[in-house]
Amino acid sequence: MPTPLPVSDIPSLSVVVPCYNEQGVLPEFHQHLCAVMDRVGRPWEVVYVNDGSKDQTLVVMRDLEQQDNRVSSVNLSRNFGKEIALTAGLDHARGTQGVIVIDADLQDPPEVIETLVAEWSDDVDMVYARRRAREGESIPKRFTAWMFYRVMAKLGNRVVIPPDTGDFRLLSRRALDSLLQMRERHRFMKGLFAWIGYPSKAVFYDRAPRAAGVTSFNYWSLWNFALEGITSFSVLPLQLGTYLGFVISLLAVLYGGWIVLNTLLFGSHVPGYPSLMSVILFLGGVQLMTLGLIGEYIGRIFNETKNRPLYFVESYHVAGVPQAGVKP
Ligand code: UDP
Ligand code: MG
């Protein structure tokens, strides 16, 4: 953990930015951020998290540290994925009043931070940015995102995840401290943000296409993300297996009765191979699917029970503290 600072130097707001291969946009992002935070006019710091980037992101971060004494950084020991990188940043954020979570690729316009802060008051613990349009994203991606939020809304039992909302938001210190108490490995952040509760408020904005670089999310990772969301927040799929099995057994009993009746009345004239095969294959499929579902949950139990630390820090830098890049 970073060295404590004199009270006067502790920022009241921290901006946490996970970065993976963002060398292209980071300087531009930082410029935008500074302009906006100066207008906001509260003491602030930014915490850049280098999530094991394969490009020069770390070098760019070190440059920013040199130029600007409001830059803190956390350099993780390898790529841990956005959710964990974000958690590392939140762990190191010192903002006494609150934190802002934002992506580095300028898809979450830093200008919106002004609105987030403006809408924030003592009665509101979380102000989240909700996107109005998904420019530059293909129709299938929009559709799958839309589907995902609708499914989650049905499955989330009591935890309501606001639709079309990413991680871009402002959290009060109280909300952040609550969030950080949840140390599970499978960190579906949107779900965790919603799970902690507290009064929250939405602010609408237009999501721009990525400024540079490429998105690290493809359909496979989006699918895994959705699976993570569903299995971390609902056991309904497990129950689904039970109901599916129940309905199919019922149908099988009815079908069996019909076969017996048919044989009694008209005798056996067809060997019954096709129906036998289709029933066996169908049931086999259902069983495999249900087993797979159970496997998803068991895998997650397995990962949680190992109880490993969420991440390791290779080096970090605290804004305004001279010894840059110290190893803890
Ligand atoms: N990111 C990260 N680690 C990863 C992948 C992404 O820290 O393994 C960061 C990335 O640098 C960006 C944010 O998470 O700041 C969102 O990533 P991206 O733009 O690729 O996702 P999308 O906007 O497509 O959801
Ligand atoms: Mg992005």
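Each ligand, and each atom within it, is numbered from 1 in the order the structure gives. Just so you know, these numbers use all the heavy atoms, side chains as well, and skip hydrogens, waters and symmetry mates.
Proximity of D51 to ligand 1, defined as any heavy-atom pair under 4.0 Å, is confined to the side chain (atoms from C-beta onward). With a 4.0 Å cut-off on non-hydrogen atoms, L86 does not touch ligand 1 at all. Using a 4.0 Å cut-off between heavy atoms, K82 contacts ligand 1 through both its backbone and its side chain.
With side-chain heavy atoms closer than 4.5 Å counting as contact, directly or through intermediates, Y128 stands alone and belongs to no larger hydrophobic cluster.
Under the 4.5 Å side-chain heavy-atom criterion for ILVMFWY residues, no single connected hydrophobic cluster contains both W223 and M189.
Every atom of ligand 1 is numbered from 1 in the order shown, and the set under 4.0 Å from a heavy atom of P18 is 7 (O), 9 (C), 10 (C), 11 (O), 12 (C), 15 (O). Here is the list of ligand 1 atoms found below 4.0 Å of a heavy atom in D103: 13 (C), 15 (O), 16 (C), 23 (O). Numbered from 1 in the order shown, with element, the atoms of ligand 1 that lie under 4.0 Å from a heavy atom of A104 read 15 (O). The D105 neighbourhood of ligand 1 comprises atoms 18 (P), 19 (O), 23 (O), with distances under 4.0 Å to a heavy atom of that residue. Against a heavy-atom cut-off of under 4.0 Å, E22 is close to the following atoms of ligand 1: 10 (C), 11 (O), 12 (C), 15 (O). The distance from ligand 1 to the heavy atoms of C19 drops below 4.0 Å at these ligand atoms: 7 (O), 11 (O).
Residue-environment remark: CZ (F312) stays at or below the threshold of 12 foreign heavy atoms within 6.0 Å.
Our summary of the site lists the angle at the Mg ion (ligand 2) between OE1 of Q107 and OD2 of D105 as 100°, to the nearest 10 degrees.
A 4.5 Å side-chain heavy-atom check between W44 and L33 finds at least one atom pair inside the cut-off.
The option with the heavy atom closest to atom 1 (N) of ligand 1, from among F29, F80, Y20, is Y20.
Side-chain atoms of E45 and S14 include a donor-acceptor pair closer than 3.5 Å. Residues T231 and Y297 bring no donor and acceptor atom of their side chains to less than 3.5 Å of each other.
Taking any N or O of A85, backbone or side chain, none lies under 3.5 Å from an N or O belonging to ligand 1.
In terms of the ring-ring contact (aromatic ring centres under 6.0 Å, His included) criterion, F193 has no residue partners (sequence neighbours excluded).
Judged by the 6.0 Å distance and 45° axis criteria, R78 is positioned over the aromatic ring of F80.
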